[in-house]
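Okay, so here's the structure we're looking at.
The figures here come from the full heavy-atom set of this structure, side chains too, leaving out hydrogens, waters and symmetry mates. We count ligands from 1, going down the list as the structure has it; atoms in each ligand are counted the same way.
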Amino acid sequence: MGPLIEFKHVTKRFPGIIANNDISLEVKKGEILAILGENGAGKSTLMSMLFGMYQPDGGEIHIHGKKEIISSPMVANELSIGMVHQHFMLVEDQSITENIILGIEPQKRKFGIFPYVDLTSAHKKVKELSKLYKLEVNPTDIIKDIPVSTQQRVEILKMLYRNAEILIFDEPTAVLTPQEIESLLHIIEKLRDDGKTIILITHKLDEVMKIADRCAIICKGKLVGLLTTKETTIKEISALMVGREVSIGITQTDHSIEDVVLEVEHLSVISHEHITLVDDVSFTVRKGEVLSIAGVSGNGQVEIADAIAGLIPTKGGSIRLLGKELIGKDIRSRTEAGMSYIPEDRHSVGIILDFNLRENLLLKQYYNTPFCDNKGILQFDEMNSTSEKLIKDFDIRCSEGNKTLTRSMSGGNQQKAIIAREIYLNSSLLIFVQPTRGLDIGAIDSIHHRIDALRAEGKAILLISLELDEIMELSDTIMVMYNGKVQTIQKASNVTKLQVGEYMMGAHVEKK
Ligand SMILES: Nc1ncnc2c1ncn2[C@@H]1O[C@H](COP(=O)(O)OP(=O)(O)OP(=O)(O)O)[C@@H](O)[C@H]1O
Ligand SMILES: [Mg+2]
């Protein structure tokens, strides 16, 4: 039997860049094929063509040995191809079932005449599918009320509801916690065992080693390797991806911890539903210190960051930055008081997708000299030269320099742009929430080195991460949250990764 999918000399150009350059690749039925490569290498673009979102400029795609013009996602659906996108595409105000059946709603007729959508039978089918694949959802829940991991299950159910046989996952684990990742990997394996063909885009090489049968490596738009997972190593893969050997892990630069920069006292945050998300939390971050907040997702860590940044209201307590009270202050005043903030959700609060890269890079400074003169006129020369410098320094891969529309950039490069903007603010306090989510191994390494260097320069850093390795590697102090409360605050050198994990589960560890 021939291959199920064949890319034959596929090329895709965007203004200023060849995103896919003469790629030929075969995918076998029933395998898990991982697609690997640096941020901006062209992974999402290649798969978007298989899903009919873009048309190749050159080359052909064959399915079951037959040339197909996949002119839209509808055509892809008819060819039994489904995709879970890097950034989910769900209708926020609709229920899970409504999202799943969107476009192919089952209809019935009242009195044999008046058509209506048969939600009851749709709910039932969704429930059945969710049971069959252990993708637990409550069909009537509204998308905006459910966590990302459930939203992802909805995206998967959406493919299965359409009887997809070829399932494309674009960085599915980037937004998940370690426990959720485990369960998703099991689901993906089960889907393969049921005969589905899986294409998995990911930056996490340990996942690839665990479940992928083969991996294809793309570097700057070209296919540079096609390996059988069993016969290769993480080292070999990463060298092919980045074009050089990557060292993993940093040694902390010498630094001294000095005066208090951020002082949080008795901070509480209550949700709209009157649930206490952050419960009487107090801590300080000093000059030259990385304080990390560890915790299982949803234990209040992100709310602490959002409250300090001014994105959500607080109930009681105080937040002082360099001695100045921030509570009651708007976001701009907080930035000007010396705070940088890299948020968890880059699309909703990190960046404006319809602005170009220059505008996004200077979003928090455009009104200051030298970017604006005293008459309020923008100084484009300054804006251009500064943004070009940031693009170079932070290795932001974009097709048209500082004029690149941010929406067109790859996910990882959007993230690099946010980090560049916030570091360039030169604030005393930098808050990083999941800073390396969606970044390739080279970029993660470079962000870790930057955090280390910022600390050595005397910045105070608050790091919130679900990656325990990242926390262990970078921190001076580790605070663990459980159920909205501080479980412990310890010197990083006094705790092991295992102990931090135990604190995260709410268990008390015997101190020697
Ligand atoms: N619609 C578009 N318009 C213009 N350029 C685009 C568009 N989509 C992608 N590109 C460019 O094509 C290149 C490849 O992007 P792609 O999204 O495929 O990267 P990726 O490998 O998925 O990266 P990441 O790991 O960061 O998600 C990037 O340089 C990107 O800026
Ligand atoms: Mg991508």
* What's the shortest distance from atom 25 (O) of ligand 1 to any protein heavy atom, and which residue and atom give it? -> K43 NZ, 2.8 Å

* Is the centre of the H85 ring less than 6.0 Å from the centre of the F51 ring? -> yes

* Asked: Which of the numbered atoms in ligand 1 are below 4.0 angstrom from a heavy atom of M409?
  -> 31 (O)

* Asked: Under 4.5 Å between any side-chain heavy atoms of M47 and I199, yes or no?
  -> yes

* Structure fact -> Rounded to the nearest 0.5 Å, the CG atom of L25 sits from the CD1 atom of I218 at a distance of 7.5 Å

* Asked: Does ligand 1 have an atom under 4.0 Å from some heavy atom of Q415?
  -> no

* Asked: Within a strict 4.5 Å, meaning less than it, do heavy atoms of the E38 and R397 side chains meet?
  -> yes

* Under the ring-ring contact (aromatic ring centres under 6.0 Å, His included) test, which residues partner F14, sequence neighbours left out? -> Y54

* Decide salt bridge (Lys or Arg N to Asp or Glu O under 4.0 Å) for E171 and K43; before the verdict, give the C-alpha distance in whole Å, the side-chain angles of both, and the deciding distance to 0.1 Å. => CA-CA 10 Å; E171 290 190 43; K43 307 176 296 291; 5.1 Å; no

* H62 vs E68 side-chain heavy atoms within contact, under 4.5 Å -> no

* To do: Go through the steps for I198 and L33 under the test side chain to side chain contact (heavy atoms under 4.5 Å, CB included), then give the verdict.
  => CA-CA 6 Å; I198 317 271; L33 174 74; over 6 Å; no

* Asked: With a cut-off of 4.0 Å, which atoms of ligand 1 are near a heavy atom of G411?
  -> 26 (O), 27 (O)

* Taking the side chain from R192 and the backbone from I188, do they hold a donor-acceptor pair closer than 3.5 Å? -> no

* To do: Pick out which of T404, T386, N384 makes a side-chain hydrogen bond (donor to acceptor under 3.5 Å, both in side chains) with R358.
  => N384

* To do: Check whether any heavy atom of H203 sits under 4.0 Å from an atom of ligand 1.
  => yes

* Atom indices of ligand 1, in the order listed, that fall short of 4.0 Å to a heavy atom of T45 -> 9 (C), 14 (C), 15 (O), 16 (P), 18 (O)

* Asked: Mind checking whether Y341 and I308 have side chains closer than 4.5 Å, heavy atoms only?
  -> no

* If you measure every N/O of S44 against every N/O of ligand 1, is any gap under 3.5 Å? -> yes

* Hey, which atoms in ligand 1 end up nearer than 4.0 Å to a heavy atom of E38? -> 21 (O)

* Under 6.0 Å from the six-membered ring centre of Y133 and within 45° of its axis: does the NZ or CZ of R153 meet both? -> no

* Show which atoms of ligand 1 fall inside a sub-4.0 Å distance from at least one heavy-atom site of N39. => 23 (O), 24 (P), 25 (O), 26 (O)

* To do: Using a 4.5 Å cut-off on heavy atoms from C-beta on, say whether the side chain of T406 contacts that of I352.
  => no

* Do any nitrogen or oxygen atoms of G412 lie less than 3.5 angstrom from nitrogen or oxygen atoms of ligand 1? -> yes

* Asked: Which heavy atom of the protein is the closest neighbour of atom 17 (O) of ligand 1, given with residue, atom name and distance?
  -> S410 CB, 3.5 Å

* Asked: Is the closest side-chain heavy-atom distance between I293 and L291 below 4.5 Å?
  -> yes

* Structure fact -> In ligand 1, the atoms that come under 4.0 Å of a heavy atom of I17 are 29 (O)

* Against heavy atoms of A41, which atoms of ligand 1 measure under 4.0 Å? -> 19 (O), 21 (O)

* **Shortest heavy-atom approach to atom 30 (C) of ligand 1 - which of C219, S408, A19, G16** => S408

* To do: Measure the distance from atom 1 (N) of ligand 1 to every protein heavy atom, then report the residue, atom name and distance (to 0.1 Å) of the closest one.
  => Y54 OH, 3.1 Å

* Could you list the atoms of ligand 1 found under 4.0 angstrom from a heavy atom of G42? => 14 (C), 18 (O), 19 (O), 20 (P), 21 (O)

* Asked: Would you say E171 touches ligand 1, if touching means a heavy atom closer than 4.0 Å?
  -> yes

* Heavy atom of G40 under 4.0 Å from ligand 1? -> yes

* To do: Show all protein N/O/S atoms under 2.8 Å from the Mg ion (ligand 2), or state that there are none.
  => S44 OG, Q86 OE1

* Asked: Which pair of heavy atoms, one from R407 and one from Q414, lies closest together, and at what distance?
  -> O-NE2, 3.9 Å

* Asked: What protein heavy atom is closest to atom 27 (O) of ligand 1, reported as residue, atom name and distance in Å?
  -> Q86 NE2, 3.0 Å

